[in-house]
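Residue numbers begin at 1 in each chain, while the letters A, B, ... track the order of the sequences.
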Amino acid sequence: MQEHPIVLADANNFYASCEAVFHPEVAGKPLVVLSNNDGCVVSRSYEAKALGIANGTPWFTIRQEAAYDQVIARSSNYELYGSLSRRMMSIMSGFLPGQEVYSIDECFMHSPWDSERTRRIAAVMRRAVLQGVGIPVSIGIAPTKTLAKITNHWAKRHPSSHGITTWGNLSRDDQGTAVLSSIEIDDVWGIGRRLAKRLRGLGIRQAAQLRDQDPVNMRRRFSVQLERTILELRGIPCIADDNDATGGKRDCQILCSRMFGTPILGEEGLRQAASVYAQYACRRLQRQHSLCTRVSVFCASSPFSKHDQYSSVCGSILLQDPSDDPVIISSAARQALHGRITPSVRYVRVGVMLTGLVDAASYDTLPALGAQTDSGLSEAFEQVARRFGPAHVGIGFAGIRGDGRNNGDTGAAWAMRREMLSSRCTTRWDEMPVVRAD
DNA sequence: TCTGGGGTCCTAGGACCC
DNA sequence: TCTGGGGTCCTAGGACCC
């Protein structure tokens with residue numbers, strides 16, 4: 001047994017839990033959080049799960065039944081979730097070293113202690129997050145990331161674990177029989193729908209059976225990833241740490257894409273949307289101090305439409321020099337689709353992808369390499385945004401605002417729908433909660 | 001009427017070079 | 001006319017994750 005275990009902390013029903021933090025009246029009730037455009041269910045409270053609502057269900061197909069069951073629905077409020085996530089991660093980083101924020105609601109940590117001491121620290125950490133942010137987390141402690149995922153899963157499903165399960169504290173028999181034999185193959189980290197189907201075809205149904213396969217043989221038949229998963233299930237760490245200290249820095253690509261509130265017909269509307277999303281992507285590029293060398297844009301019609309045939313196109317522009325200039329990038333995005341779209345197709349999505357990312361710092365020292373960097377326009381936009389709020393200025397449609405609660409978006413007809421948005425309590429002065437002491 | 005968004009890694013195959 | 005073998009780089013696409 002390895003004595004420096006990996007700790008995985010993962011929030012329970014994160015988005016749904018966030019909605020209850022500043023609205024305690026919804027706690028204990030069935031609540032679902034919907035994706036952008038109020039499309040699909042992406043997070044559910046325990047009570048909503050108990051009603052049999054599955055993740056990914058299109059909201060319009062269950063809306064009436066949900067109303068009957070008094071289910072509360074919320075549009076996704078990423079501003080709130082992001083803010084609570086940062087608080088939660090910050091609290092946890094004070095308890096154990098080597099935090100890797102893996103997603104908005106979970107992080108790995110590397111404990112220098114043995115399993116038992118790690119468990120005691122994790123219990124204190126868990127209470128600190130609950131008290132400091134109001135979000136319940138579950139914790140798995142194990143020698144590898146894949147096993148930490150499995151023990152975390154176990155902790156979530158077994159109330160007797162009080163939110164924490166430690167692999168090293170289980171007997172060898174329990175590890176195999178109670179835990180690995182009860183985990184279905186699709187619940188193993190790294191095994192998706194397709195792979196699970198192929199494995200079941202070979203009679204491999206539970207995690208324990210996968211662990212007992214020959215790794216070399218499975219690598220030949222499937223992939224190097226599957227070999228790693230098998231070794232991880234045996235307690236041999238093979239999944240590299242993503243210890244990029246800059247936090248959230250993207251190495252390969254930055255993508256910004258959205259479904260529209262209403263479909264777009266014709267090139268001009270798509271060009272407007274592409275230009276707006278290019279500016280969002282550009283802001284993220286600048287925040288991580290990168291430049292990009294290629295701007296790609298894709299757009300697609302609805303894959304569900306009964307009237308139109310599905311159609312998708314993409315175009316891409318290679319920049320002359322690496323750049324983070326929103327003028328250059330948004331203009332490339334406008335050009336990328338030129339002449340490619342079909343005028344009669346109703347497009348419902350557009351996305352802008354920035355690739356070929358390079359570190360801006362390497363061009364600071366070698367100006368002769370010729371990067372086209374932003375001359376200060378973005379900084380001016382940021383200053384205006386800080387003083388007057390988001391979306392007051394921008395290039396083209398990005399400078400146009402919608403009305404009311406959605407005024408962070410452009411006022412275009414295709415802007416997303418968010419009809420059930422909760423307050424952005426921690427990021428907007430005018431939406432701060434009011435507390436009365438009677 | 002109404003079906004999310006943002007990533008990573010790996011592999012195959014083509015282009016190109018010597 | 002004939003037309004190998006090995007390497008690298010890039011891109012597209014598939015599969016997976018939350």
Could you summarise the pairing of DNA chain C as dot-bracket text, marking Watson-Crick and G-U pairs under 3.5 Å with ( ) or [ ] inside the strand and | across strands? ....||||||||||||||

Within the structure shown, what part of the strands sits under 4.0 Å from Asn37(A) by heavy-atom distance: base, sugar-phosphate, or nothing?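 Nothing, no nucleic acid heavy atom in range.
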
Does any donor atom in the side chain of Thr146(A) or Glu232(A) lie under 3.5 Å from an acceptor atom in the other side chain?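 Yes - a donor-acceptor pair under 3.5 Å links their side chains.
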
Over 60° means perpendicular and under 30° means parallel, so tell me whether Trp414(A) and Tyr277(A) are parallel, tilted or perpendicular.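 Ring orientation, 0 to 90° scale: perpendicular.
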
Between the side chains of Tyr81(A) and Glu19(A), does any donor sit under 3.5 Å from an acceptor?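 On atom types as modelled, these side chains qualify, holding a pair under 3.5 Å.
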
Ser138(A) and Asn12(A): side chain donor to acceptor below 3.5 Å: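 Ser138(A) vs Asn12(A): donor-acceptor pair found between side chains.
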
Can a donor-acceptor pair be found between the side chains of Thr151(A) and Thr165(A) at a distance below 3.5 Å?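 Thr165(A) and Thr151(A) do not have a side-chain donor-acceptor pair below 3.5 Å.
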
Between Arg228(A) and Tyr78(A), which residue's closest nucleotide on DNA chain B lies nearer the 5′ terminus?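 Its nucleotide being nearer the 5' end, the pick is Tyr78(A).
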
Determine the contact category for Arg198(A): base if any of its heavy atoms lies under 4.0 Å from a base atom, sugar-phosphate if only primed atoms, P, OP1 or OP2 are that close, otherwise nothing.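 Contact class for Arg198(A): none.
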
Heavy-atom contact window of chain A on DNA chain C, given 5' to 3' at under 4.0 Å: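 With heavy atoms of chain A under 4.0 Å away, the range is dT11(C) to dC18(C).
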
Is Tyr102(A) touching bases, backbone alone, or none of the nucleic acid, heavy atoms closer than 4.0 Å?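 Since only primed, P, OP1 and OP2 atoms lie under 4.0 Å of Tyr102(A), the category is sugar-phosphate.
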
For residues 185-202 of chain A, dump all side-chain donor-acceptor pairs below 3.5 Å to protein atoms at least two apart in sequence or in another chain.
residue   : atom : partner   : partner atom : Å
Asp186(A) : OD1  : Arg200(A) : NH1          : 3.4
Asp186(A) : OD2  : Arg200(A) : NH1          : 3.3
Trp189(A) : NE1  : Tyr102(A) : OH           : 3.4

What is the nucleic acid contact for Ile104(A), judged by heavy atoms within less than 4.0 Å: base, sugar-phosphate only, or nothing?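 No contact.
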
Once you apply a heavy-atom cut-off of 4.0 Å, does Lys149(A) come out as touching a base, just sugar-phosphate, or nothing?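 Counting heavy atoms under 4.0 Å across all strands, the contact made by Lys149(A) is with sugar-phosphate only.
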
Identify whether any heavy atom of Gln253(A) sits under 4.0 Å from a base atom; if not, whether one sits that close to sugar-phosphate; answer base, sugar-phosphate or nothing.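 Base, at least one base heavy atom under 4.0 Å.
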
Is Trp59(A) touching bases, backbone alone, or none of the nucleic acid, heavy atoms closer than 4.0 Å?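 Trp59(A): no heavy atom of the nucleic acid under 4.0 Å.
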
Which value, in whole Å, describes the distance between the P atoms of nucleotides dC18(C) and dT3(B)?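 The answer is 25 Å between these two P atoms.
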
Any donor-acceptor pair under 3.5 Å linking the side-chain atoms of Thr355(A) with those of Gln253(A)?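 Thr355(A) and Gln253(A) do not have a side-chain donor-acceptor pair below 3.5 Å.
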
Judged by each residue's nearest nucleotide on DNA chain B, which is more toward the 5′ side, Val224(A) or Val348(A)?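 Its nearest nucleotide being more 5', the pick is Val348(A).
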
Determine the contact category for Ser257(A): base if any of its heavy atoms lies under 4.0 Å from a base atom, sugar-phosphate if only primed atoms, P, OP1 or OP2 are that close, otherwise nothing.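 Counting heavy atoms under 4.0 Å across all strands, the contact made by Ser257(A) is with sugar-phosphate only.
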
Close aromatic pair by centroid cut-off 6.0 Å: Phe304(A) and Tyr310(A):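 No, ring centres 6.0 Å or more apart.
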
Regarding Val101(A), tell me which of base, sugar-phosphate or nothing describes its non-hydrogen contacts under 4.0 Å with the strands shown.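 Counting heavy atoms under 4.0 Å across all strands, no contact is made by Val101(A).
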
Any donor-acceptor pair under 3.5 Å linking the side-chain atoms of Asp324(A) with those of Thr373(A)?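 There is no such pair between these side chains.
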
How would you label the contact of Leu34(A) with the nucleic acid (heavy atoms, under 4.0 Å): base, sugar-phosphate, or nothing?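 Nothing: the residue Leu34(A), judged by heavy atoms under 4.0 Å, touches no strand.
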
